[in-house]
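No experiment lies behind these values; they were computed from the predicted model shown. Residues take their numbers from the sequence shown, with the count starting at 1. Note that these values count all heavy atoms, side chains included, but never hydrogens, waters or copies made by symmetry.
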Amino acid sequence: MSTKFLLACLIGGLSTLGAAAQDYHLEQTFNLTGNGGWDYIALNPLNTNLYVAHSTRVNIINRNTGDSTGVITNTEGVHGIAFAPKYGKGFTSNGKINSLFVFDMKTNNVLGGIATGQNPDAIMFDPFSDRIYVCNGRSRDVTVVNPANNEVVKTIPLGGKPETAVSDEAGNIYINIEDKNEITVLNTKTLEVTKRWKTGSGQEPSGLAIDIKTKRLFAGCGNKLLVVMNMENGNVVKELPIGDGCDGVAFDNVSKTIFSSNGEGTLTVIKEKSANEYMVVQNAATQKGARTLVVDEKTHKVYLPTAEYSATKAPGQKRPDVVPGTFRVLVMANGK
């Protein structure tokens, strides 16, 4: 056996061990006030504040200590939070009142409201087009907002229920269409849909993340698959197993790690070794209901909102009732 072959085997083995050496575990639990359901969670890029969508309010806490730093109230059925740092503004999508609230990123004071489509859900700011994009689940369209003047630029029909949107920061927005098992591509210059791609074996895509450098999309699907897609041509590169009940996917650009938050109570950790190579390295225990997330690329910590559920649910209910006083944010850290 040649020395070169032995050296190659050693390097390959060390690389595999490095990819597998993940130890994401529960480091902290932040208990929050308020009752009811929850959805997305977001990090303010200007400070240490963490924003948690929670029923009729947005809880704002320090991401390091969990201490409350504010609250945005009357956000009926709030789903998501987005930030336009250039304008010092944040936006909440209020699903039950078909509107956005505009707030000051420093003071968190509400500055006004904007009408949207029906049941505004996921929301994002695209720095390339300098626009806010809101996925309206019930009206099956996207509301485009100019954050400079808080005016609606256009409402774009999608032909299906949008879940999550991400940007390549080069003129394209990619949107999961949950009931069509596809990803729709939106041109930010023409504000028209240009492409529709099927998510392979993935069904009911919900969470979505992007790696702009490798030109890959990561779609978390309802049938326990994460679909890796080439964002240039829609080809499915890889399908990986994840936990049940995924509603959020995040990508850490620094550590090249993909995270799938699964409502069953797990966090699937996937290492991106190259544009075409991916490895599931861990399924960390979280808590039942922890289905959405955000990752801090400075600390590589993952934040997941959840609460305790009652033991039973009424006929026709999607989920059991939330036990009052149990809402919290889990902080998952890598201990390797």
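A donor-acceptor contact closer than 3.5 angstrom links the side chains of Asp130 and Tyr87. Glu163 and Ser206 are linked by a side-chain donor-acceptor pair at a separation below 3.5 angstrom, with hydrogens and angles left out of the test. Thr266 and Glu264 share a side-chain donor-acceptor pair at under 3.5 Å. Ser68 and Asn59 form no side-chain donor-acceptor contact under 3.5 Å, judged by distance and modelled atom types alone. With 3.5 Å as the limit, one finds no donor-acceptor pair spanning the side chains of Lys195 and Asn172. Remark: the Arg291 side chain and the Thr306 side chain contain no N/O donor-acceptor pair separated by less than 3.5 Å. Using a 3.5 Å distance cut-off with no hydrogens or angles, the side chains of Asn176 and Thr164 do not pair a donor with an acceptor. Between the side chains of Glu204 and Asn181, not a single donor N or O lies within less than 3.5 Å of an accepting N or O. With no hydrogens or angles considered, a side-chain donor-acceptor pair links Glu272 and Thr214 at under 3.5 Å. No side-chain N or O of Asn187 forms a donor-acceptor pair with one of Thr194 less than 3.5 Å apart. Judged by distance alone, the side chains of Ser139 and Asp141 do bring a donor and an acceptor atom under 3.5 Å apart. When only modelled atom types and interatomic distance are considered, Asp321 and Tyr309 share no side-chain donor-acceptor pair under 3.5 Å. For the residue pair Arg57/Asn74, the side-chain donor-acceptor check at 3.5 Å is not satisfied. A side-chain N or O of Thr69 and one of Asn49 form a donor-acceptor pair less than 3.5 Å apart.
Not a single donor-acceptor pair under 3.5 Å links the side chain of Asp247 to the backbone N or O of Thr292. In this structure, Thr143 contributes its side chain and Thr155 its backbone to no donor-acceptor pair below 3.5 Å. In this structure a side-chain-to-backbone donor-acceptor pair under 3.5 Å is missing from Ser129 to Thr188. No side-chain donor-acceptor contact under 3.5 Å links Glu169 to the backbone of Pro127.
At most 12 heavy atoms of other shown residues, nucleotides or ligands fall within 6.0 angstrom of atom NZ in Lys96. In Lys161, the NZ atom is crowded: over 12 heavy atoms of neighbouring residues, nucleotides or ligands sit closer than 6.0 Å.
When the side chains of ILVMFWY residues are joined at heavy-atom separations under 4.5 Å, either directly or via intervening members, Ile242 and Val281 end up in two distinct hydrophobic clusters.
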- Item | side-chain contact (heavy atoms from CB on, under 4.5 Å) between Phe327 and Val322, worked out | CA-CA 8 Å; Phe327 188 53; Val322 175; over 6 Å; no

- Message: Go through it in stages, so that I can follow the logic: the residues are Tyr51 and Asn108, the test is side-chain hydrogen bond (donor to acceptor under 3.5 Å, both in side chains), and I'd like the CA-CA distance, side-chain angles, deciding distance and then a yes or no.
- Response: CA-CA 10 Å; Tyr51 291 66; Asn108 298 312; 2.5 Å; yes

- Go through Phe91 and Phe103 one step at a time and tell me if the ring-ring contact (aromatic ring centres under 6.0 Å, His included) criterion holds. CA-CA 6 Å; Phe91 300 79; Phe103 64 91; 7.5 Å; no

- Could you go step by step and tell me if Arg140 and Asp179 meet the salt bridge (charged side-chain N to carboxylate O under 4.0 Å, His left out) rule? CA-CA 10 Å; Arg140 299 152 68 94; Asp179 57 345; 2.9 Å; yes

- Task: Go through the steps for Ser201 and Glu239 under the test side-chain hydrogen bond (donor to acceptor under 3.5 Å, both in side chains), then give the verdict.
- Result: CA-CA 8 Å; Ser201 302; Glu239 294 178 348; 3.2 Å; yes

- Just do the side-chain hydrogen bond (donor to acceptor under 3.5 Å, both in side chains) check on Asn276 and Ser274 with the steps written out, would you? CA-CA 5 Å; Asn276 298 320; Ser274 71; 5.7 Å; no

- Query: Taking it one step at a time, do Asn334 and His300 satisfy side-chain hydrogen bond (donor to acceptor under 3.5 Å, both in side chains)?
  - Reply: CA-CA 7 Å; Asn334 189 4; His300 312 295; over 6 Å; no

Anything under 3.5 Å between a donor and an acceptor, one on a side chain of residues 109-119, the other on a protein residue two or more places apart or in another chain? List them.
residue	atom	partner	partner atom	Å
Asn109	ND2	Thr107	OG1	3.2
Thr116	OG1	Asn98	O	3.3
Asn119	OD1	His79	NE2	3.1

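No side-chain heavy atom of Ile132 sits under 4.5 Å from any side-chain heavy atom of Val144. In this structure, the side chains of Tyr303 and Asp296 come closer than 4.5 Å at one or more pairs of heavy atoms. In this structure, Ile258 and Val249 have side chains that are in contact, with non-hydrogen atoms separated by less than 4.5 Å. Counting heavy atoms from C-beta on, the side chains of Thr199 and Val236 never come closer than 4.5 Å. Taking the side chain as every heavy atom from C-beta outward, Thr257 and Val269 approach each other to under 4.5 Å. Within the 4.5 Å cutoff, side-chain heavy atoms of Leu158 are placed close to those of Val193. Side-chain contact check for Asp126 versus Arg131: every heavy-atom pair is 4.5 Å or farther apart.
Using a 4.0 Å cut-off between a side-chain N of Lys or Arg and a carboxylate O of Asp or Glu, Arg138 and Asp121 do not qualify as a salt bridge.
Here the CD1-NE2 distance, from Ile41 to His54, works out to 11.5 Å after rounding to the nearest 0.5 Å.
Aromatic ring centroids of Phe218 and Tyr174 lie 6.0 Å or more apart. Ring to ring, Tyr24 and Phe259 are close: their centroids are under 6.0 angstrom apart.
Under a cutoff of 6.0 Å and an axis angle of 45°, Arg328 and Trp38 do not form a cation-pi pair.
Across all their heavy atoms, Ser310 and Pro320 have their closest contact at O-CB, 3.5 Å.
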